[in-house]
Engineer: 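Dropping a structure here in structure tokens format, bear with me for questions.
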Number of protein chains: 2
Amino acid sequence: MAARPRAPVPDKRRIILDAAVKVFARQGFTQCRVADIADEAGVAYGLVYHYFRSKDAVLDTLFLERWEVMVEVIGQVDQQDLPAREKLRYVAGFIDDSYRHDPDLMKVIIVEVTRAANSFGRTHMPDIQRAYGRLATIVEGGMRTGEFRTAVTPAFAAMAFYGVIEQVLTQWIFAEGPIGDEEFDRAKDLIVETVCGGLNG
Amino acid sequence: MAARPRAPVPDKRRIILDAAVKVFARQGFTQCRVADIADEAGVAYGLVYHYFRSKDAVLDTLFLERWEVMVEVIGQVDQQDLPAREKLRYVAGFIDDSYRHDPDLMKVIIVEVTRAANSFGRTHMPDIQRAYGRLATIVEGGMRTGEFRTAVTPAFAAMAFYGVIEQVLTQWIFAEGPIGDEEFDRAKDLIVETVCGGLNG
DNA sequence: GCTGCGATTGACGGGTCAGTCAAGGCTGGA
DNA sequence: TCCAGCCTTGACTGACCCGTCAATCGCAGC
């Protein structure tokens, strides 16, 4: 694919997407108006509709852009020759870093999509399931080598693992101030330690 | 408090609340109109505003009604003389049964409140935190007796535990058909087995 | 039967907002 | 310089919906 021939310098489409992340994170998808996105982007109202079919399409684009990267990463981690626990640690670290790098985007993805059972969560269910499936494959590998117990199914373990991660992110989302670097670093380890090690002594 | 002197037989307030659960679960809080609630309840539009200050107040009432019971139960379980793991199992079972008994209500509570970081989740944060706090107390007790490792903090463990439970419910919420009894029964054990036992062999 | 009052009704006001569209701007090629 | 075509603008349309309110209902007590 050749470099895009047009788009002189300011990629308005990108500017609109970035503005939408901010606005969706601040006000929520439903509460915000398309005019808010346009204002945040410093662009006319109608331009949003030049680049996107609808308000929904803006969120769809944001979600897919990031989610597909994540699914890809999970798949690639599983290709590596590593203990399953290390693979999970890498995944937890990736999601953790995603939040650290762009908390607004992750907030939007989690709050407006992966947990929105009546709207975008339903339309993107196949994408979400794909991520679960790949996590389950990692767990399954760990069970095959005897590294993990088989007390629960790989699918259940994957769900639990992802549930813990989302809950950690949710805490951060609800938190008032910014999160410190130490907390980000610690979280990766705690997530894996909890899910793999368990509470029992 | 004496029995309410009025309210001949059909408690319209209750009917409206029950109808709201159905409608909120089916369409989501934002997507549904107050008229939908009134229609579902078989009641005039204005009556909703006779019993509730606003559409928001209907959801607040539904949430608090159930959430306060849950917080109370968690507190009482902790009073019992049981291993911490059994306490957690009881809590998981209670939430599990809550969903089994009234999936629509639990769906509404989770989707529209505990995970709604931009609206009701924020206003009810203190209530939600209270539940976390009580779970953490249970874990802390388990650590004091040596039953649980102290590899993670009680607060983190409580969060992880609750995260797994919510993720299980979320799966059910997203599922198309009804959930079988066996699956409900199995879930309680799997949740505790995962969080307490861990994946490592 | 009459009166008082809470329960109930549903049309309406006022405001909001997604998406459309016609017009104007800008740029690069001829 | 001129033209063609995409980029950009923002007022406008049509629809939607929350909450109000004036009117009506129906029961309880007298």
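The basis for the numbers below is simple: all heavy atoms, side chains too, and nothing from hydrogens, waters or symmetry mates. In what follows, chains carry the letters A, B, and so on, assigned in the order in which the sequence lines appear, proteins first and then strands, with residues in each chain numbered from 1.
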Engineer: Under 3.5 Å, which N/O atoms of the protein pair with N/O atoms of nucleotides 10-15 of chain D?
Structural biologist:
residue	atom	partner	partner atom	Å
D:dG10	N7	A:Gly46	N	3.1

Engineer: Name all residues meeting the side chain to side chain contact (heavy atoms under 4.5 Å, CB included) criterion together with B:Gln79; count only those two or more places apart in sequence or in a different chain, and write none if there are none.
Structural biologist: none
Engineer: For residues 191-201 of chain A, which residue pairs pass the salt bridge (charged side-chain N to carboxylate O under 4.0 Å, His left out) check, not counting sequence neighbours?
Structural biologist: A:Arg85-A:Glu193, A:Glu193-B:Arg149
Engineer: Check A:Arg100 with A:Asp185, please: is the shortest side-chain N to carboxylate O separation under 4.0 Å?
Structural biologist: yes
Engineer: Could you list all the salt bridge (charged side-chain N to carboxylate O under 4.0 Å, His left out) pairs where at least one residue sits in residues 30-40 of chain B, not counting sequence neighbours?
Structural biologist: B:Lys22-B:Glu40, B:Arg26-B:Glu40, B:Arg33-B:Asp36
Engineer: Identify whether NZ of Lys or CZ of Arg in B:Lys12 sits under 6.0 Å from the centre of the six-membered ring of B:Tyr51 and within 45° of that ring's axis.
Structural biologist: no
Engineer: So do the side chains of A:Tyr99 and A:Ile173 get within less than 4.5 Å of each other, counting heavy atoms only?
Structural biologist: yes
Engineer: Considering only heavy atoms, which members of residues 21-39 of chain A lie under 4.0 Å from some atom of DNA chain C?
Structural biologist: A:Cys32, A:Arg33, A:Val34
Engineer: Rounded to the nearest angstrom, tell me the gap between atom CD1 in A:Ile15 and atom P in D:dC7.
Structural biologist: 14 Å
Engineer: Could you tell me which residues satisfy salt bridge (Lys or Arg N to Asp or Glu O under 4.0 Å) with B:Glu65, sequence neighbours excluded, listed by chain and number?
Structural biologist: B:Arg14
Engineer: Could you work out, with salt bridge (Lys or Arg N to Asp or Glu O under 4.0 Å) as the rule, every residue matching B:Glu182, not counting sequence neighbours?
Structural biologist: none
Engineer: Test: salt bridge (charged side-chain N to carboxylate O under 4.0 Å, His left out). Region: residues 69-79 of chain A. Which pairs qualify, not counting sequence neighbours?
Structural biologist: A:Asp78-A:Lys87
Engineer: Test: salt bridge (charged side-chain N to carboxylate O under 4.0 Å, His left out). Region: residues 154-175 of chain B. Which pairs qualify, not counting sequence neighbours?
Structural biologist: B:Arg115-B:Glu166
Engineer: In residues 50-65 of chain A, which ones come under 4.0 Å of DNA chain D, going by heavy atoms?
Structural biologist: A:His50, A:Tyr51
Engineer: Tabulate atom names and distances for all N/O pairs under 3.5 angstrom spanning the protein and nucleotides 22-26 of chain C.
Structural biologist:
none

Engineer: I'd like to know if B:Asp97 and B:Lys188 make a salt bridge, using a cut-off of under 4.0 Å between side-chain N and carboxylate O.
Structural biologist: yes
Engineer: So, using side chain to side chain contact (heavy atoms under 4.5 Å, CB included) as the criterion, who are the partners of B:Asp189 when residues are at least two apart?
Structural biologist: B:Arg89
Engineer: Would a line drawn from the ring center of B:Phe120 to the ring center of B:Phe63 be shorter than 6.0 Å?
Structural biologist: no
Engineer: Round to a whole Å and report the spacing from NZ of A:Lys12 to C1' of D:dT9.
Structural biologist: 10 Å
